Structure formats: structure tokens, C-alpha cells
Amino acid sequence: VSTSGILYPRESESREVKSLDGMWNFRLSLPDPLVGFKERWYMKELSKSGPVIQMPVPSSYNDVTVDKKIRDHVGLVWYDKSFFVPESWKQQGYKIWLRFGSVHYAAQVWVNTHLVMNHEIGHLPFQRDITSNVKFGRLNRITVAVDNVLLATTVPQGALQNITTNNGAKTIQTYTFDFFNYAGIHRSVFMYTTPVVYIDDVDLTTDYTEDGLGIIYYNVKYGGSLSSDETLNCSITVLNNENVREKFVVIKNDTEGLSGTIQIENVKLWWPYLMNDVPGYMYTLEIRLSTTWNVDDVYRIPVGIRTIKWTNTSFLINNKPAYLRGFGRHEDSDIRGKGMDYALVTRDYDLIKWIGANSYRTSHYPYAEEIMDFADRHGIMVVDECPSVDTDHYSDKLLKKHTTSLAELIKRDKNRPSVIMWSIANEPRSDHKDADSYFKSVAIYVKTLDNSRPITAAIATDVETDQLGQHLDIIGFNRYNAWYTLPGHTEIIRYRLEDEATKWHNKHNKPVFMTEYGADTLPGLHMNPSFVWSEEYQIELMSEHFKAFDTLRKKRFFIGEMIWNFADFKTEQSVTRVGGNKKGVFTRQREPKSSAHHLRKRYWALAKQL
Ligand code: GCB
């Protein structure tokens, strides 16, 4: 893992940001998966290699066209785009960076025929200084090869299978996780500039005293090299949410580096939605780095001041116990697949607030930074999950990649007040004999990166055989009583749920929350009495869970409920999925099923009680 930072590109007096989103040239690597490498497609325009189509970025490529070959493609696809680098950027002596928010699953990037980046693991950003590869005042070209193949050593895991067809052998992708393996350039592509000596990374943690003093611990890291006769100065201005200056500090550049403490009187804390009149209060740190011979670099980073604590029975935010009312979700919608889309994100947060939720889990991979920004600003608590889902076939190689995904995630999201826990896995085969030492390593590693937040996971293994819970701070569990287990029998829910949650707590003496429960529901299917797949059944199943949750809440160790799922989403083709997974309380088009109204009553009632 590289030690440099991955700050989100923001323009400032010293930084220009240019979006490379839009239509890119696109083609599948066919018939030979490696033909693009053999014929070196990155040496010239992609359109010179053969026929291309136009593909939107950001977007998954799978559902944009009506071509099944594109939707179900296994292996490499190629993208390219031409763009200008202004001549003025050279005169100003800028460093030029190229940054991808996420390419799934693996990417190789060329700039003007030079290979500049290799990145594996989707859902996470990567960047590189490309100053020496660009041509100023002229047309430049980026070529990207994207591979969607998942194997036993990728995160998440998958396998290739050969099948025989009329036209001979064919390779298909298989995986056990329950969402479509969308691929492509999923998030925005930015080119941006910094001065030669620049703010590379910032670490922020926060605290406050009972008499209203807010405390920000900061550590600023710079990149680029100083000449021997050059000195470095750094200052931080804290602005409130009306952009009025609250504080100004000059940082000493001593042996400790650029680190220290800022105190803010009459602090306004960051509170979750419906826990305070002003949820999601954010200050801005305006960091200015000056050197003798270069232009100053200015970077503004939002910061919310709050504390997170946990005991063996509770989870506290600003020393107040918090009860999570939330969802498991997906980045998923019609046509764009996992492509980041501001209209969709805005609608989703509007629905989250309408329903009175205060939290969600980024099941089963990190979500776009733009989505996380909304969480910070609206006070929505996020259980931030790495892309490890259904982990099986434990190996050292897998462990390395799994921990890399967490390192990249924590580097990206460490300063976000909305992030309240790190989820290190969803439903791993944690009864496997190798799971114990594997997850012990993962958990220890995460603690070395961040010990200010608890770690959790969504466990599906039985309490008795699970090996993962012992390594967590907070236990999350997924259970489908009266769905996969005894479908139709909602009468088992209260007994089983109360029993199991209590067993989790008793085994580990840790707080427990339910990370998944739910029922597939076809909107518009009504049956009385309730029957599986009907809107009535989803409501009945939820009501029984609510009763169990209320009993459990009285026992104090139970800290939250997250229904599966926020909205319907696409999965692999299977006979148990009718047009995808239908456990959403909203449809895939983000309209409510009856269950959304039912959940809304509960979440608002809970919000008022607490
Ligand atoms: C689970 C998985 C989730 C699935 C869900 C289901 O346990 O964590 O990815 O979508 O069950 O609906 O089967």
C-alpha cells in the first residue's frame, strides 16, 4: 500500500480540477481476451484498433446498451478518451494528477502510451502524478483496460467456469455473493493540479470537553521535495458552517511533523440525524502550506467534531447511547448499474430522511466519496464496509489483498464524522478452521490504522461455530428467519431472534446489532392472509422483528436494526431471483412498497423515544 494520501480533489486558489467524465470510446476485448495487449491498443487511439462504441463515464458498462455480449462480458474491456492539458499549467509549474474514484475490478491506465497506473480492487480511488507524461497545450490520450474477472484471490472472490456450447467452449464468471458483478469506470475521473510542494494527506481526530471546548487533533503531511535552502510553513484556519473564521493557528514544522491541536470555544458538535436540531454540523479546515520558492498550496477539508465510544453493552456518540435505525444498501440502479449519479444519491438521502433512518451499512463494498459527503452533511451514520463478501478459501494472498482493501478504505474515509464503524467482512465462512487466525490478523491490522472506531462484521454463521466474533468490538449478524429458514412461519421470529441476539452477547460480552433481515417482495402482489413474496408478508415479517427488537432493546446490549434492503437491486441470473433481489422497502426506481410506510412509522417513533 502506498504511503501517500488520497485526498478528494477540491479546487482552491492553488488547485484546478478538471473533470474527464463524459463519453469515452469503448470496446470489448474479443475474441481473444488478451488481444488488446498483443496488438498494443494503448499505443494509438482505440478507434484505430477496430470498431468502438461510446460509453458513459461514470457508469457500469453492463446495462447501458441492449447487447447481451456487453452485459455478460467476462474479461477485459478497453476505454479511451482524448483531452487537453492547458499550456498555462506548464507556465505555472503545476504538478498534474490523474485520479479515478473507482474502476471495477482491476485497471491499467496509460497516458499517451505510458503505463502510469495499475490498480486492483474496485470501489476505491487511486491516483498518480502524470506531469511527466502529459503534453502541454496539446491533445493527450488516456487508455484504460478494465478486467472484471474475480478469482479465489480477489476481493471479493469468484471463479471462472468453462462451459460447452454449440460454438465451442466458453468461459463464464461465477460468484456466490448476491449482487450483479457490475464493471467499468464507476466513479468520476479527475485531472487536477497542485503546486510542486503540496498537501498530501491530513489526519483528523476530534474530542470535546464538557464545558464546550471542541478539540481537533491534526497531522498534515506534505508531498514533493524541498530544496536545501527552503523552509516550510503551514497554517490552519477553522471556518464555521457559515464560512466565518473561528480560529487561526500557525503550525511549527518540528520533529513531530506538522501536527498539533486546535481548540474551538462553544463548539457545535456533529450529531446524527434526529438526535439534535442541527445534524451533521461541519467546520472547514483551511490548510495553507507555504514554502520559500513555490506557490502556497491551499486545501479545505470539512470536519465534524464528535466522539465515538463503545462499552460491552453500548455504542455512544458524543457520550450519548445511539440506537441504529437503518439499512443495508447497494450502489445500484437501472441503466447505470453502480455508476455514481448525483440525482440518484440526492433521492436516496431524501428517502433515508423521509423514513426517519439515521444509519446504513455500505454493504458490501465502499461507496462513492460523493455519497459519503452526503452522509457527513446530513448526519447519517455509516458502517463502512470493505469489499470482502462471502470470504472462503482463506490464503495469505487473499489476506494481503483483504488488508489492502481496508488500508485504502481507511485512508480514504478516516476523517469522516459519519463513519462510525469499520466492517471488515460480510458473511465470511467464519466456521472454517482458518477463519480464526485470518480474521485475527485482519482485526489487529485495522487497529493499527485506526483505533478510534470500533470494528464489526456482518456474520451469518451460527453463534456456536463462528470464529470471527471474538475479534470484533461490536457484533453484527444477518439472519433470515421466516424467509430462508422456515419461509411463511413468521411465528418463529421472536423466539429465534431474541434467543440468538442474547447468545451473541453472552458469548462475547459485546454490543450486538442486526445487520440484515428481510423478505423478497414483489410490489403490487397482495395476498390475504399473507403469503411469501406479497407486500403483506414483508410487513408481517417486519412487525415480528420489531417486537423482538423492542424486547432486546430493554436488555440494553442491543444497539440497532438494519433491514435488508433499502431498495431492490440487480443480482446474477438465478431461479430464486425474479428480476433481481426484491427485499427493498423501495423499488429499484426508489418508489415505496407498503413496507416503506410501515418502516417509516417505526423509525420516526423510535427517533422520538430516544
Ligand atoms: C445475505 C447477504 C446479502 C443478500 C441477502 C439475501 O445474507 O449478505 O448480500 O442479498 O442475504 O437477500 O439473500
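Start at 1 with the first residue, then count along the sequence. Order of appearance sets the numbers: ligands from 1, and atoms from 1 within every ligand. Keep in mind that what you see is a predicted model, and the values were worked out from it rather than measured.
- For atom 2 (C) of ligand 1, the nearest protein heavy atom (residue, atom name, distance) is E516 OE1, 3.2 Å.
- Interface atoms of ligand 1 facing N426, defined by a heavy-atom separation under 4.0 Å, are 8 (O).
- The nearest non-hydrogen atom to atom 3 (C) of ligand 1, considering only H364, H330, R577, R361, comes from H364.
- Listed for the T456 side chain is a donor-acceptor partner under 3.5 Å among the backbone atoms of I474.
- Counting heavy atoms from C-beta on, the side chains of Q538 and S594 never come closer than 4.5 Å.
- Interface of N581 with ligand 1, defined as ligand atoms under 4.0 Å from a residue heavy atom, comprises 6 (C), 10 (O), 12 (O).
- Note on ring orientation: taking the six-membered ring where Trp is involved, the planes of F177 and Y175 are parallel (angle under 30°, cut-offs 30° and 60°).
- In this structure the side chain of S595 never reaches within 4.5 angstrom of the side chain of E535, judged on heavy atoms.
- The shell of residues lying under 4.0 angstrom from ligand 1, judged by heavy atoms, excludes W483.
- Here the heavy atom of the protein found nearest to atom 13 (O) of ligand 1 is Y484 OH, 2.4 Å.
- Nearest to atom 12 (O) of ligand 1 among the protein's heavy atoms is K583 NZ, 2.4 Å.
- Counting protein heavy atoms only, atom 7 (O) of ligand 1 is closest to E427 OE2, 2.2 Å.
- A donor-acceptor pair is defined here as one N or O able to donate and one able to accept, closer than 3.5 Å; no such pair exists between the side chain of H402 and the backbone of S405.
- F513 places none of its side-chain heavy atoms less than 4.5 Å from the side chain of R361.
- Of all protein heavy atoms, the one lying nearest to atom 4 (C) of ligand 1 is D178 OD2, 3.2 Å.
- In this structure, the side chains of W504 and I459 come closer than 4.5 Å at one or more pairs of heavy atoms.
- Using a 4.0 angstrom heavy-atom cutoff, Y480 counts as in contact with ligand 1.
- For Y438 and H432, the distance between ring centers is not under 6.0 angstrom.
- Look at F177 and you'll find every heavy atom at least 4.0 Å from all atoms of ligand 1.
- Against a heavy-atom cut-off of under 4.0 Å, F569 is close to the following atoms of ligand 1: 10 (O).
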